[in-house]
Each structure stands twice: as C-alpha cells, then as structure tokens.
Amino acid sequence: MRFHKTLIPTLKEDPVDAQVVSHRLMLRAGLIRPLGSGIYTWLPLGLRVLRKVEAIVRQEMDNAGAQEVLMPAVQPAELWQESGRWDFYGKELLRFTDRHDRPCCFGPTHEEVISDLVRREIRSYRQVPANFYQIQTKFRDEIRPRFGIMRGREFLMKDAYSFDLDAEGLDASYQSMFAAYQRIFQRCGLAFRAVEADTGSIGGASSHEFHVLAESGEDVIISCDQCDYAANLEKAIAAEADAEAGEAAAPLEKVATPGQKSIEEVARFLQLPMDRLIKSLLVETPAGPILLLVRGDRSLNMIKAANALKLPQVTIPDADRAAYWAGVSMGSLGPVESRLPVVADHELRNLRNFVCGANEEGCHLRNVNWQRDLPVPQFADLRNVTAGEPCARCHSGRLQRHQGIEVGHVFKLGDKYSKAMNVKVLDSQGNEQILVMGCYGIGVSRIVAAAIEQNHDANGIRWPRSLAPFQVELILMNPRDSNEAATGEQLYQALQQAGVEVLLDDRDERAGVKFKDADLLGCPMRLLVGGRSFKEGMVELQSRAGDLSQRIPIQDALATLLPLVKGEGHG
RNA sequence: CGGGGUGUAGCGCAGCCUGGUAGCGCAUCGGCUUUGGGAGCCGAGUGUCGGAGGUUCAAAUCCUCUCACCCCGACCA
C-alpha cells in the first residue's frame with residue numbers, strides 16, 4: 001500500500017479527550033476517528049488490524065468445528081419477550097420501532113436469534129452437537145462509554161453458541177472453546193489470563209473470562225501466587241479465617257460517638273482496629289431496602305450482593321431515601337433492633353464483641369454479640385477480597401490483584417434459553433429433549449485496543465507481528481531522487497510478490513516526519529531506502545522493537561528481510 | 001442517574017470576568033531556501049464563536065433554555 005494514496009491521518013499532538021494509551025495512539029496513528037460518544041469509524045490502517053484479529057478468530061473457530069453464520073443486527077422485540085429479557089435487560093438495550101410501530105432492538109447479543117434458528121432447523125439428536133458463530137457489530141448503550149474502542153457502544157464481537165444433548169456434551173463443547181480461546185489470544189501475541197467469572201446479564205451456570213493484563217484494565221482480577229486459582233473480583237473468594245478461640249462476651253455498652261461517621265473515624269475515636277467494627281450498608285433492591293453488613297476494613301461488592309440476594313440489582317439509595325428508611329443517618333446505622341432485613345458477610349459469623357451503629361444519632365454499640373444482642377442473620381458472600389489474603393483453593397498461596405481488560409468470555413448457559421424458547425430435538429428413543437447451550441464471546445475490536453495497551457512505547461505502537469497492519473514499512477527517504485525512487489519501487493514490488501505486507505512511505509516529506517510516523521504506526525520492520533547509505537549501495541533494516549538495526553547491500557535486502565517477516569510470530 | 005467541566009478555523013487553544021473590527025500555534029494552499037528524527041522565511045485561504053431565545057444602540061462575551069462531548073461518583077453519596 002502506498003502511503004500517499006492512503007488515508008493515514010496521523011496527529012502530532014495528543015488528542016485532549018483520550019485518557020488511555022490505546023485511545024490516544026489509535027487516534028494519533030490514524031486508525032480510527034470518533035463519530036459520536038462510543039462510536040468510531042475504522043480508517044484503512046485500523047481496519048487492517050481489525051481484519052487480522054478477525055482472521056485469527058475465524059480460523060480457530062473453524063478449526064474447533066464451529067460453523068460461521070451471520071445473524072441480523074436488528075431483532076424483533078417478540079424474541080426478547082419470549083426469553084424474558086425484554087424487561088430484564090436495562091437501558092443498555094437500544095430499542096426502537098419500525099415504520100409499523102413494531103418494537104425492535106439493535107442486538108447486543110444473539111442468544112434469542114440463534115435459539116430461534118436452531119429450534120426451527122435442528123430436529124434430531126443426530127444434528128448435535130452443533131456450534132454456530134458470527135463476527136458481527138453489536139450495540140450496547142453503555143452508561144458511560146470511555147477509553148475509545150475499549151468500551152465503545154458499538155463494537156465488533158465474535159459470538160458463538162453451542163448446542164448439546166446433555167451436560168457432558170456441553171462440557172466437551174465448553175472445553176473445546178476454552179482451548180480455542182487460548183490459541184486465539186496466544187496467536188494475537190497477548191499476555192492474558194483465564195479467570196472464573198460472574199455470569200452477568202447473559203445468565204447461566206459457570207463461566208470464565210479471558211483478561212489481557214494491563215494497568216488500564218477496568219476489571220480487577222484476583223489470582224493465587226501458588227496454585228492456578230484466578231477469578232474476577234466479582235467472584236473471587238478467600239479462605240475463611242479459622243474461628244478464633246472465643247473471647248468471652250463482654251457486657252453490651254452504648255457509647256456516644258458525636259460527629260464520628262466513617263468507620264475510620266469511629267475506630268480511631270474508640271481506639272479499636274477497623275476489623276472490630278461492623279460496617280452497615282443500606283441498599284435499595286427491587287424487594288425493598290436491605291441492610292448489608294461487612295467487616296469494617298472490608299468493602300462491599302454489589303454484584304456479589306445481588307447474586308447472594310438473588311435479585312437482579314442492588315443499588316445505593318440517595319442519602320434522603322436512605323435516612324428515611326433507616327430512621328437515622330448512615331453514620332449511626334446498625335443491625336441491632338433494626339426494622340430492615342439483615343444479611344451479613346460470612347466473615348462476620350465468628351466475630352465477637354464488635355462495634356456497630358446504635359440506630360441512634362451519634363451513638364454506637366460496643367461488645368455486640370450475635371444471638372445475645374441481635375438475631376443471627378443470614379450470611380452470604382458480600383465482600384471484596386483483598387490482596388494478601390490466603391487462597392481458598394490451595395490454602396498455602398496468597399491472593400494477588402491485577403487489572404485486566406476482558407477480551408473473551410465463555411459461559412455454560414445450560415437450558416436457560418433453550419427452555420424458555422423451546423429448543424428441543426428428538427433423542428434416539430424418540431423422546432423430546434431440551435438442548436443445553438453454551439455461549440462464547442470475544443471482543444474483536446477490543447482486542448485491537450488491548451494489544452496496544454500491552455505493546456507500545458513513548459514513540460507509538462509496537463504491533464505484535466500477527467496483528468500489525470503491515471509487516472514492513474518501506475521508507476523512501478527522498479522520493480524525488482529518481483535512483484532512490486526506482487530502487488524503492490523495485491523492492492516494494494518484490495516484497496509484495498513475496499507475499500509480504502508492505503507500506504511504502506513515498507510521501508514527499510522530510511525524513512524526520514516519516515521516521516516519527518513510522519514509530520507511531522508501529523510496523524515491526526522498517527526498511528530505509530535512500531540518503532547516506534544508498535550512496536554506498538546499502539539499505540537499512542530496523543526493527544520497531546529496537547533490537548535490530550543494520551545496513552545491508554541493496555541486492556541482499558529481500559533475502560535478509562524475508563525470513564524475519566514470514567510466518568506468524570509475536571515479534 | 002447525580003455532580004463537575006468544556007464547546008471559538010481541520011487539530012490544540014487564547015479572547016468572556018469588565019459587551020464595541022474574532023485571534024495565536026500547528027495543519028492546509030502557493031513561492032523560495034532546506035532535506036537522516038515532526039524545517040525556515042514570505043504570502044494566502046479558512047469561522048453560522050455548539051444551537052435557540054432574551055437583554056442591549058451593539059453579544060463569542062451578560063441572562064434563560066437546549067444539545068453535544070469529556071471527567072468524577074455506588075462503604076457517609
């Protein structure tokens with residue numbers, strides 16, 4: 001491809017709105033341009049990278065035996081009403097009506113559509129297992145799109161859906177996809193980790209997420225430093241501490257704690273460690289207000305809370321409503337003689353002589369004990385684990401905390417959709433049987449951003465070889481010099497004939513401009529034709545990684561370069 | 001959703017407080033000189049000042065409404 005004939009609008013200055021590296025570099029390198037909040041045009045260079053990811057995904061899915069289809073982006077509401085998600089899915093679902101006033105949505109995912117297809121077309125147990133996938137544009141009307149392509153509203157996703165006769169079949173399909181995903185992310189040259197995950201609004205039994213490790217990641221993942229336990233923070237658990245030999249119950253005591261609101265303030269005021277306090281959190285749910293308790297030094301995880309309560313959503317009410325429900329300000333709220341339903345974190349089960357709000361303005365209770373002072377509540381997993389806690393699986397390791405970008409997610413859906421939508425076949429005995437489903441997503445466009453987060457330096461992108469828009473950028477130092485131009489042209493043609501993807505920078509610009517742009521664009525290899533070395537019959541070969549810089553005779557250029565760019569590597 | 005911020009040339013910004021000829025840098029176009037890490041000089045073009053309404057002799061500037069974009073926020077909110 002010729003630079004001067006291609007739209008590659010590089011920017012010298014950092015776009016002011018871009019907060020993360022990948023967003024900045026994608027704009028600066030001319031890969032994308034924004035159209036609205038969370039929606040982007042992919043320019044020629046960016047599209048090449050996107051197609052690289054797509055091709056890798058497609059190959060591995062095909063190899064794993066999945067069949068490619070392409071489903072509609074626009075879907076009728078009836079399907080979503082049938083699965084029950086029309087009401088359950090919140091504002092993220094972009095809804096609209098067609099000219100006949102029929103409600104529709106722009107598909108954020110395709111469980112309903114594929115279920116509908118399969119129930120119509122697949123009748124016999126002989127036709128399963130089957131796995132269908134597509135690579136398609138999705139739209140999710142995110143609360144707050146940000147970080148460019150990383151969390152856009154419109155994005156390119158690969159989604160696959162497996163159908164099996166029984167749980168064993170689903171296990172096999174799941175494992176096959178899990179393995180395919182590992183190959184995909186390896187081939188993309190990414191450092192990633194598979195973790196146990198919450199199932200979110202897709203629903204279903206068990207699931208794993210694939211995270212690219214990066215500081216800018218929006219998700220927190222927890223992993224053990226000894227065994228292979230790894231989980232999303234929304235799901236991660238730590239080993240429970242052993243019950244301590246019981247401290248004798250001390251007499252209950254009400255203490256005035258004027259003006260001491262936060263756990264920290266109260267702990268300091270009473271000269272107690274924070275883990276002797278109980279944090280009382282009033283949350284709002286579709287089932288009304290509920291009081292949640294975690295240890296003073298812990299934090300509540302709302303997703304865990306929603307799961308524990310078996311409710312779709314748990315939110316923090318605004319201060320006025322909270323005070324109305326509680327009858328006291330939040331700083332003095334507590335579970336003793338509370339009118340509200342109480343759920344406590346597991347960790348509090350063995351806590352004795354603890355401190356909590358007295359439900360009386362500016363007062364706390366100390367030496368509170370379950371049973372004697374208040375009924376033993378329901379216990380559940382409500383809290384975030386913290387780095388350094390012992391691993392629940394191996395008990396010898398310690399938990400670590402990383403940030404990750406979720407690029408893949410595999411679920412065992414079970415019969416959640418197939419039952420609701422009546423997806424069944426006749427088995428070998430002639431009996432109807434509901435199929436069990438799995439679903440498997442990959443954020444194709446997000447991988448492009450994640451790859452940049454992991455592969456860049458101060459000067460620009462450093463593409464892994466497998467994703468680079470071009471393997472080689474051939475810089476013509478002075479296109480107006482006919483000798484240099486002719487040699488550059490020959491090399492350009494020869495490389496193309498040898499099947500090498502090459503970008504010819506034939507712009508009539510100063511050398512410095514082309515060097516800066518080449519750094520920014522991040523092709524793994526750079527070939528300089530012209531200038532000083534040319535006068536000596538040489539060209540210069542450099543790697544973007546900086547580990548290679550050599551002069552080679554013009555006639556040897558092709559032979560030297562080819563082995564370095566052939567095949568798929570991680571460069 | 002709540003809170004905050006910003007909208008002025010393609011991009012980055014100043015001007016607004018205190019109303020009175022719409023500016024600067026980069027980019028673009030032309031010319032000359034340059035030419036190995038984002039060149040220099042000379043010249044040129046470029047704007048419904050986000051939109052609507054209002055106040056005023058006069059509005060980028062003041063007031064009201066509105067739209068868009070960005071940031072922050074779910075353990076004292």
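Chain naming here is simple, since letters A, B, ... match the order of the sequence lines and numbering starts at 1 in each.
Between A:His23 atom NE2 and B:C69 atom P the separation is 13 Å, expressed in whole Å. When the P atom of B:U28 is taken as reference, atom CG of A:Leu7 falls 14 Å away, rounded to whole Å. Spacing between atom CG of A:Leu476 and atom P of B:U35 amounts to 18 Å, rounded to whole angstrom units. Rounded to an integer number of Å, the gap from A:Met302 CE to B:G73 P is 14 Å.
When each of A:Lys261 and A:Asp519 is assigned the nucleotide of RNA chain B bearing its nearest heavy atom, the one mapping closer to the 5' terminus is A:Asp519. If A:Asp14 and A:Asp517 are placed on RNA chain B by their nearest nucleotide, the residue sitting closer to the 5' end is A:Asp14.
Minimum atom distance to the side chain of A:Arg480 is reached by B:U35, of the listed B:C1, B:U35, B:G12. Taking every side-chain heavy atom of A:Glu13 into account, B:G12 is the closest of B:G38, B:G36, B:G12. Of the candidate nucleotides B:A74, B:G37, B:A77, B:A77 has the atom lying nearest to any side-chain atom of A:Met330.
Remark: the separation of the P atoms in B:G36 and B:U46 is 35 Å, to the nearest Å. Rounded to the nearest Å, the gap between the P atom of B:A68 and that of B:C76 is 32 Å. A distance of about 25 Å separates the P atoms of B:U64 and B:A9, rounded to the whole Å. For the P atoms, the distance linking B:G47 with B:G4 amounts to 36 Å, nearest Å. Separation of the P atoms belonging to B:G3 and B:C13 is 26 Å when rounded to the nearest angstrom. As rounded to the nearest Å, B:C49 and B:G15 have C1' atoms that lie 10 Å from one another. Nucleotides B:A27 and B:C41 are separated by 11 Å at their P atoms, to the nearest Å.
The side chain of A:Lys12 places no N or O atom within less than 4.0 Å of a non-bridging phosphate oxygen (OP1 or OP2) of B:C11. Proximity of A:Ser37 to the phosphate of B:C70: a side-chain N or O atom is located under 4.0 Å from OP1 or OP2. A:Arg510 has a side-chain polar atom (N or O) that falls below the 4.0 Å cut-off from OP1 or OP2 of B:A39.
No hydrogens or angles were tested; on distance alone, nothing pairs the side chain of A:Arg146 with the base of B:G73 as donor and acceptor under 3.5 Å. Within 3.5 Å, a donor on the side chain of A:Glu540 pairs with an acceptor on the base of B:G36, or the reverse.
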Verdict with supporting geometry, A:Asp381 and A:His346, side chain to side chain donor-acceptor pair (under 3.5 Å)
CA-CA 6 Å; A:Asp381 180 24; A:His346 287 307; 5.9 Å; no
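At the heavy-atom level, A:Arg33 lies nowhere under 4.0 Å from the strands shown. Across all strands, A:Ser280 comes closer than 4.0 Å to no nucleic acid atom at all (heavy-atom distances). Using a 4.0 Å heavy-atom cutoff across all strands shown, A:Leu333 reaches no nucleic acid atom at all. The residue A:Gly296 sits apart from the nucleic acid: no heavy atom pair falls under 4.0 Å.
Here the options are A:Leu382, A:Leu293, A:Val314, the test is side chain to side chain contact (heavy atoms under 4.5 Å, CB included), and the partner is A:Leu300; only A:Leu382 passes.
Around the CD atom of A:Glu264, the shell of radius 6.0 Å holds no more than 12 heavy atoms that belong to other residues, nucleotides or ligands.
When both pairing distances are held under 3.5 Å, B:C41 makes a Watson-Crick or G-U pair with B:G31. Across all strands shown, B:U64 is found opposite B:A52 as a Watson-Crick or G-U wobble partner, with both distances under 3.5 Å. If you check B:A58 for Watson-Crick or wobble pairing at under 3.5 angstrom, you find it has no partner at all. Using the Watson-Crick or G-U wobble rule with both distances under 3.5 Å, B:C69 pairs with B:G5. As the counterpart of B:G25, B:C11 is assigned, both hydrogen-bonding distances of the Watson-Crick or G-U wobble pattern falling under 3.5 Å.
Using the six-membered ring where Trp is involved, A:Trp370 and A:Phe354 have ring planes that are tilted, between 30° and 60° apart.
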